[in-house]
Amino acid sequence: MKKVKIVAALGPVAKVFDQLGILYYIGGSVYGKHRATQDVDVVTNLKSEQVNFLVEQLQSAYYID
């Protein structure tokens, strides 16, 4: 069940990445080899000029430091 929640939490992030044309790869225990931890690794080619839009789109749903 945890895996389903983690994958669902990635939806809004992937949507914003797609809007910005940001290439990304999702890995970690959710996709790939099973591990004891339940985490997600996201690798992207995010550029500095895209950060503000990304934060604006996601700050209401996620903690962003």
Side-chain angles (χ1 to χ4, degrees):
M1 185 58 115
K2 260 187 181 179
K3 190 174 191 175
V4 173
K5 290 180 182 180
I6 292 172
V7 172
L10 289 171
V13 177
K15 182 178 177 182
V16 176
F17 285 164
D18 291 341
Q19 286 175 338
L20 290 171
I22 297 171
L23 299 175
Y24 59 95
Y25 172 81
I26 298 173
S29 63
V30 175
Y31 296 105
K33 189 174 180 179
H34 179 71
R35 301 187 304 217
T37 59
Q38 291 291 312
D39 67 344
V40 177
D41 301 322
V42 179
V43 179
T44 181
N45 70 340
L46 183 66
K47 295 175 178 45
S48 59
E49 60 268 12
Q50 297 168 315
V51 172
N52 287 337
F53 181 79
L54 182 69
V55 170
E56 288 171 8
Q57 296 300 307
L58 299 174
Q59 67 186 353
S60 65
Y62 299 90
Y63 171 76
I64 301 174
D65 183 18

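Contact record, Leu10 with Tyr62: N-OH, 4.5 Å, taken as the closest heavy-atom pair. The minimum heavy-atom distance between Pro12 and Ala9, with the atom names listed, is CD-O, 3.5 Å. Closest heavy-atom contact between Ile22 and Tyr24: O-CD2, 3.3 Å.
Looking only at side-chain heavy atoms (C-beta outward), Val42 and Val13 stay at 4.5 Å or farther from each other.
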Which side-chain N or O atoms in residues 44-52 pair as donor and acceptor under 3.5 Å with protein atoms at least two apart or in another chain?
| from | atom 1 | to | atom 2 | distance (Å) |
| --- | --- | --- | --- | --- |
| Thr44 | OG1 | Leu23 | O | 2.9 |
| Thr44 | OG1 | Leu46 | N | 3.4 |
| Asn45 | OD1 | Leu23 | N | 3.1 |
| Gln50 | OE1 | Lys47 | N | 2.8 |

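Partners of Phe53 by ring pair (Phe, Tyr, Trp, His ring centres under 6.0 Å), not counting sequence neighbours: none found.
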